[in-house]
K.L.:
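Provided herewith is a single structure, encoded as structure tokens, for subsequent inquiry.
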Amino acid sequence: MALPLLERFVAETNAGSFDAVIDLGDRISDEDPERDRLLQSDVAMCFGRLAVAHHHLSGNHDVACLTLADNEAIFDLPSDSRSLIIGDIRCVFWQPDVRLTRARGLHLADGDLARLEALLAEDERPTLLLSHVPLSGHAQTGNYYFEANPGHATYAEVAEIRKAIADAPCPIVALAGHVHWNTLTTVDGTPHVTLQSLTETFISGQPAESFGVLEVEADQLRWVVQGREPLSLTLPWRRAKPRWRPPLPTFAA
Ligand SMILES: [Fe+2]
């Protein structure tokens, strides 16, 4: 049902007024190199019918049998770490290593953290930080896939990532996919949002049909998730990095 849902999304988007479409990755469920190449091409053709610019990150399923370069070639678009302005919003796309096996979990590769630090350090303006894997380390209690597999829901280096975000000169709102549910978690004053997927069925048995509409106006960011699991929230779009008091040590200490 994925392609018809994606086609409907493209039609609805083309009928609306948007600056861009952002794809957070996991465009396919991997099978083998030949089949994955075919499926990614089908998805790319569908995205190609968008009337607005589209920007992509790749997820673990996109690079299970293909490489990041394969994905970039199929879409003829970058899927690396980069910063760009969409509308008048500064966006940092972070594409660390997303390869995931049942035994390995998620680990950053050499240079991934430095790339994040460098991109965040470039600018003091408020920044939308986009990644496939959520960076908050939020609890997976009740998550169909990840309650028993929390090491597959975020990076082993989540503490270092948290420090990079806290030390960045720019206020940040982070948005990610991967965990197949809608959440908001605040870490050190930084809001982290995750988006349910278009095709996930684990809650109702029907595809969630989820996509999010993000709008920044003045000092507010509005996030509205459409589909069977709707969510609407408003966050401050801060112009200056918020101060966050370090949490206390244990009460025993
Ligand atoms: Fe994923």
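Both counts, for ligands and for their atoms, begin at 1 and track the order of listing.
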K.L.:
Just how far is it from atom CG of Leu198 to atom CD of Gln226, taken to the nearest 0.5 Å?
P.N.:
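Interatomic distance, Leu198 CG to Gln226 CD, rounded to 0.5 Å: 12.0 Å.
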
K.L.:
Any donor-acceptor pair under 3.5 Å linking the side-chain atoms of Gln206 with those of Thr201?
P.N.:
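No - no donor-acceptor pair under 3.5 Å links their side chains.
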
K.L.:
For Ser58 and His56, indicate whether the former's side chain and the latter's backbone hold a donor-acceptor pair under 3.5 Å.
P.N.:
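Judged by distance alone, no pair lies under 3.5 Å.
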
K.L.:
Decide, yes or no, whether a salt bridge links Lys241 with Glu124 under the criterion of side-chain N to carboxylate O below 4.0 Å.
P.N.:
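No, this pair does not count.
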
K.L.:
Which atom name would you report as the N, O or S atom of Asp26 nearest the Fe ion (ligand 1)?
P.N.:
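The atom in question is OD2.
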
K.L.:
Considering only N, O or S atoms, which atom of His178 is nearest to the Fe ion (ligand 1)?
P.N.:
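Minimum-distance N/O/S atom of His178 relative to the Fe ion (ligand 1) is ND1.
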
K.L.:
Checking only N/O/S atoms, does His132 have one that is under 2.8 Å from the Fe ion (ligand 1)?
P.N.:
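It does: His132 brings an N, O or S atom closer than 2.8 Å to the Fe ion (ligand 1).
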
